[in-house]
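Worksheet: one structure, shown below.
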Amino acid sequence: MRGSIDGLGSSTPIGTMLPAVFADDDLAQRFIGGLDEVLAPILSVLDCLDSYFTPSLAPVDFTQWLAGWVGAETDGTEPEDRLRAAVAAAAYLHRVRGTRRGLSEAVRLVFGVTPEITESGAATWDARPLGPVPGEPRPRLHVALRLPDPTPADEHRLDSLVAAARPAHMPYTVQVTAAERIPER
């Protein structure tokens, strides 16, 4: 949380801006010094405002607030590096939302693993009219994720993430399994 910081100096001390008659007035300078101490954190934030909207530089609590503001797919349990990456990628993910690439990137940002996505749709081009229709007649989407140590919470998180990032009309299923461990030699 932002707040007062002991010993933080003001970037623009008010005492130096007072008329000359108050320059040597000890009471006025101490009074204004108290105001400087209260205003210093506010001025510090305003001086660095662009850094607050850069996810890699912003304080963690502000980045969590920013995640909700930009609609990043976060739940508050992700590590700091994934939180910052999700906030930074939010605008891009909104542009590709509902596509295979957008769903894959959203899952990768949350779990750190690229999912296996199978879907029934397809697209093709044919010079002849009434050519064969690609894909399957019934829409479906299946997202499989292989994690080193999966938990039931991972499947619930994947389910809610896919529900938010998939095309609205598409029925879906999710599956979280343990990744194969390769024995060390």
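In what follows, every heavy atom counts, from backbone to side chain, and hydrogens, waters and symmetry copies are set aside.
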Exercise for review: Verify, without hydrogens or angle tests, whether R166 (side chain) and M170 (backbone) share a donor-acceptor contact under 3.5 angstrom.
Suggested key: yes
Practice item. Can you see which heavy atom on P139 is nearest to which on P171, and at what distance? Key: O-CG, 3.3 Å
Revision key, fill the gap. Of T118, L103, V174, the one forming a side chain to side chain contact (heavy atoms under 4.5 Å, CB included) with L141 is L103
Practice item. Identify the two heavy atoms, one from A122 and one from G135, that lie closest to each other, and give their separation to 0.1 Å. Key: CB-N, 3.7 Å
**Study point:** Whether over 12 other heavy atoms sit under 6.0 Å from D126 CG
**Key:** yes
Practice item. Indicate yes or no: at least one non-hydrogen side-chain atom of V143 is less than 4.5 angstrom from one of D159. Key: no
**Study point:** Derivation of the side chain to side chain contact (heavy atoms under 4.5 Å, CB included) call for T63 and E80
**Key:** CA-CA 9 Å; T63 306; E80 182 181 332; over 6 Å; no
Check your understanding: Going from CG on L109 to OG1 on T74, what distance comes out if it is rounded to the nearest 0.5 angstrom?
Key -> 11.0 Å
Check your understanding: If you round to the nearest 0.5 Å, how far is OG1 of T12 from CG of L43?
Key -> 4.5 Å
Check your understanding: So, for D50 and D47, which heavy atoms are closest and what is the spacing to 0.1 Å?
Key -> OD1-O, 4.5 Å
Revision key, fill the gap. Hits for salt bridge (charged side-chain N to carboxylate O under 4.0 Å, His left out) against R101, two or more places apart or cross-chain, chain-then-number order -> none
Check your understanding: To the nearest 0.5 Å, what is the distance between OG1 (T99) and CG (L93)?
Key -> 9.0 Å
Review point. Is the closest side-chain heavy-atom distance between S11 and S44 below 4.5 Å?
Key: no
Exercise for review: Decide whether W65 and V87 are clustered together by the hydrophobic rule: side chain heavy atoms of Ile, Leu, Val, Met, Phe, Trp, Tyr closer than 4.5 Å, transitively.
Suggested key: yes
Check your understanding: Parallel, tilted or perpendicular: which fits the ring planes of W69 and F53, with parallel below 30° and perpendicular above 60°?
Key -> tilted
Point to revise | Interatomic spacing from CZ in F111 to CZ in R82 - rounded to 0.5 Å | key: 9.0 Å
Point to revise | ILVMFWY cluster, V113 and I117 together (side-chain gap under 4.5 Å) | key: yes
**Study point:** N/O donor-acceptor pair under 3.5 Å between S104 side chain and R100 backbone
**Key:** no
Practice item. Side-chain contact test, heavy atoms from C-beta onward, threshold under 4.5 Å: evaluate it for V110 versus R157 and give yes or no. Key: yes
Distance-only donor-acceptor hits, side chain of residues 144-155, under 3.5 Å, sequence neighbours excluded:
from : atom 1 : to   : atom 2 : distance (Å)
R146 : NE     : E116 : OE2    : 2.9
D149 : OD1    : R181 : NH2    : 2.5
T151 : OG1    : A153 : N      : 3.4
T151 : OG1    : D154 : N      : 3.3
T151 : OG1    : D154 : OD2    : 3.3
D154 : OD2    : T151 : N      : 3.0

Check your understanding: At their closest point, which heavy atom of A58 faces which heavy atom of Y52, and how far apart are they?
Key -> CB-O, 3.4 Å
Check your understanding: Checking T54 side chain against L57 main chain: does a donor-acceptor pair fall under 3.5 Å?
Key -> no
Review point. More than 12 foreign heavy atoms under 6.0 Å from CZ of F31: is that the case here?
Key: no
Review point. Heavy-atom distance under 4.5 Å between the side chains of Q29 and D24, does that happen here?
Key: no
**Study point:** 4.5 Å side-chain heavy-atom contact, I32 and M17
**Key:** no
Point to revise | Donor-acceptor contact present, side-chain R140 to main-chain S120, <3.5 Å | key: no
Practice item. Would you kindly confirm whether I42 and L49 end up in one hydrophobic cluster when ILVMFWY residues are joined by side chain heavy atoms under 4.5 Å apart? Key: no
Review point. Looking only at atom types and distance, does a side-chain atom of Q175 sit under 3.5 Å from a main-chain N or O of T173, one as donor and one as acceptor?
Key: no
Review point. With the threshold set at 4.0 Å, does a side-chain nitrogen-carboxylate oxygen contact exist between R97 and E73?
Key: yes
Review point. Looking only at heavy atoms, which two atoms of P41 and V38 are closest? And how far apart?
Key: CD-O, 3.4 Å
Practice item. Any chance you could measure L66, atom CG, to L83, atom CG, to the nearest 0.5 Å? Key: 9.0 Å
Review point. Taking H94 for the side chain and A89 for the main chain, is one N or O donor matched with an acceptor at less than 3.5 Å?
Key: no
Review point. For the residue pair G98 and P167, what are the closest heavy atoms and their distance?
Key: O-CG, 3.2 Å
Check your understanding: Is the backbone of I14 close enough, under 3.5 Å, to the side chain of D36 for a donor and an acceptor to pair up by distance?
Key -> yes
Review point. Side chains of L39 and S10: does their closest heavy-atom pair fall under 4.5 Å?
Key: no
